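Presented below is the structure to which this report refers.
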Number of protein chains: 2
Amino acid sequence: MNLPILKIEHKCPECGLQKDGFFCCVSDDSLDLFQVTKITNTYPAGSMLFIEGQPANGVYILCQGSVKLYTCSQDGKVVILHIAKPGEILGLSAIVAGGEYEVSAEVLEPCQINFVRRKEFLDLIEKRSDVAMRAVEHLSQQYYDAYDQIRSFGLTNSVAGKLAALMLSWCRDTGNGYGAVRLKLPFTHEEIAEMIGTSRETVTRLLKDFRQDELITLKGSDLLIHDPERLRSVVTRPRGSRARS
Amino acid sequence: MNLPILKIEHKCPECGLQKDGFFCCVSDDSLDLFQVTKITNTYPAGSMLFIEGQPANGVYILCQGSVKLYTCSQDGKVVILHIAKPGEILGLSAIVAGGEYEVSAEVLEPCQINFVRRKEFLDLIEKRSDVAMRAVEHLSQQYYDAYDQIRSFGLTNSVAGKLAALMLSWCRDTGNGYGAVRLKLPFTHEEIAEMIGTSRETVTRLLKDFRQDELITLKGSDLLIHDPERLRSVVTRPRGSRARS
DNA sequence: CGGGCACAGTGATTGCGGTCACATCGTCAT
DNA sequence: ATGACGATGTGACCGCAATCACTGTGCCCG
């Protein structure tokens, strides 16, 4: 197994990874408190951080790597709810509301993660108002993202539209504004299918369609989105209608 | 128009509506602060509290009545995201994260609502840690509900399954445990369709099917769910298979 | 009373996309 | 090499549910 080398940072105050939007981007005092309660760990790809239904005994703050959050039904069907990036906190809503993790979390790319026990974390947001504010901000953002996904599922009338919407969200993450966007696809067709609630074969076919309509170029895992604007018109386009060549 | 009589309660500390799970169920000190910043108002059915995309200038705390949260696409298709009940706070994530309301809110049943301006509310959760905690709890709950809806959209393979899942959520709200559940349907077929992302006709047909399969009895707006357990089996049942009579 | 209107019920038609089945290709470990 | 295995392509089939077009029903209001 080829493990990318992770440069572990044990001391939060000295951590160069802290950026805007990071959960751990709080006042120095709070960071000191955080520093003594956290447990730093690393995980290889494929590890499970937690599983749907398990008692939630703490939160995971993602320093490096990426994590897939998903849920699945009894018959094995999977829905990917979110791909977490560095700076995000996982399991927050679970330790507050449910007591059980409501989703499963699997490591996609090797991760460094800080774990904080449920009780200690709740103490932290109780005592430090800036941490509480960060928690509110992060939950609001997660909530917003969830609604975006519901919109995609409910309002888009064709699967092509859903795929186009998903690609546009990739553009937002990667894109440097407007114009063509080039990015590396870290997902298999199967995973893409699970994100938009369709079948693997349909994703394969749609990617072919998009190529033929010259919306995208796809070579291996290199995806080039020619024009986000044209993709946007696919999202709302009525079923079946295709660009005429 | 027949307006049900709302008994308005202007003074939060004396409000008999406060119950567990209510956002306004906070310490006396916090409640006093809240009391001076809030603006109480009433709205008839059909009023719009706010509309998707508007700048979010405050939160609405629902004291009495019910509110429909929805979003719609350019071509007029609607998805109902949530039916808010007394005790809930609306627009919280918007004033924190986006600056714009991310959904539209329409009054279904006549409401009493307390409004608090954005800045004053942010001050409140900054200063009062118990209010901040309440905010975190409510956002967590909303987040959880949103994921439930995504699950319903993504994991259920038939529309019948989605409708059954929706009815089960009604049972959870109304039901006194197990066994048959009787409730009043405050929704039209069209609204039900918008909740589960299908067409009005399909809802009508499915309700007929459910009646024929003796899963439910429906007379006017009185809905009797005979056995939630049997409904649950519809949720996961493979497409097309129906109970044999 | 008779229009107007929203909601509900129903048939006919059609096409999207799920599913099954199988071929291909690249990448491993042996 | 070779075989195993996962990821992609691609064809054929067909069932569900969207859509269109009505009819029927209850309710309000002039």
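A note on names: the letters A, B, ... follow the listed sequences, proteins ahead of strands, and every chain is numbered from 1. Since the model is a prediction, treat every value here as computed from it, not as a measurement.
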Item to check | Donor-acceptor contact present, side-chain B:Asp227 to main-chain B:Glu229, <3.5 Å | outcome: yes

Next on the checklist: Can you see if the side chain of B:Arg211 gets near the phosphate of C:dG9 - specifically, an N or O under 4.0 Å from OP1 or OP2?
Outcome noted: yes

Checklist entry - Within the pair A:Thr198 and C:dG18, is there a side-chain N or O less than 4.0 Å away from OP1 or OP2? => result yes

Item to check | Spatial distance of atom NE2 (B:His10) from atom CG (B:Asn114) [nearest 0.5 Å] | outcome: 9.5 Å

Checklist outcome for this item: Of the listed D:dA17, D:dT19, C:dA8, the closest approach to the B:Val159 side chain comes from D:dA17

Next on the checklist: What is the distance, to the nearest angstrom, from the CD1 atom on B:Ile196 to the P atom on D:dC16?
Outcome noted: 16 Å

Checklist entry - Looking only at heavy atoms, which two atoms of B:Tyr70 and B:Glu52 are closest? And how far apart? => result O-OE1, 4.5 Å

Checklist entry - Under 4.0 Å: is that the gap between some side-chain N or O of A:Thr202 and OP1 or OP2 of C:dG18? => result yes

Checklist entry - Is any N or O donor-acceptor pair between the side chain of B:Glu201 and the base of D:dC20 shorter than 3.5 Å? => result yes

Checklist entry - Between D:dT10 and A:Lys208, is there an OP1 or OP2 to side-chain N/O distance shorter than 4.0 Å? => result yes

Next on the checklist: Among D:dT10, C:dG17, C:dA8, which nucleotide has an atom closest to any side-chain atom of B:Thr188?
Outcome noted: C:dA8

Item to check | Minimum-distance nucleotide (side-chain atoms of A:Ser158 versus D:dA21, C:dG17, D:dT10) | outcome: C:dG17

Next on the checklist: Would you compute the distance between atom CG of B:Leu223 and atom SG of B:Cys171 and round it to the nearest 0.5 angstrom?
Outcome noted: 8.0 Å

Checklist entry - Could you state the NZ-P distance from B:Lys162 to D:dC16, rounded to the nearest angstrom? => result 14 Å

Checklist entry - Given D:dT19, C:dA8, C:dT19, which nucleotide is nearest the side-chain atoms of A:Arg205? => result C:dT19

Next on the checklist: Checking side chain to side chain contact (heavy atoms under 4.5 Å, CB included) between A:Glu191 and each of A:Val203, A:Val78, A:Leu185, A:Leu108, which is the one that passes?
Outcome noted: A:Leu108

Checklist entry - What integer distance in Å separates B:Asp209:CG from D:dG15:P? => result 17 Å

Checklist entry - In terms of side-chain heavy atoms of B:His189, which of D:dT8, C:dA8, C:dC20 is nearest? => result C:dA8

Checklist entry - Just how far, in rounded Å, is C1' of C:dT10 from CG of B:Leu206? => result 14 Å

Next on the checklist: Between P on C:dG9 and CD1 on B:Ile192, what's the gap in Å once rounded to a whole number?
Outcome noted: 10 Å

Checklist entry - How many Å lie between CZ on A:Phe210 and P on D:dG9, as a whole number? => result 14 Å

Next on the checklist: Tell me the interatomic distance from A:Asn157, atom CG, to D:dC20, atom P, rounded to whole angstroms.
Outcome noted: 12 Å

Item to check | Atom-to-atom span, CZ of A:Arg200 to P of C:dG18 - whole angstrom | outcome: 12 Å

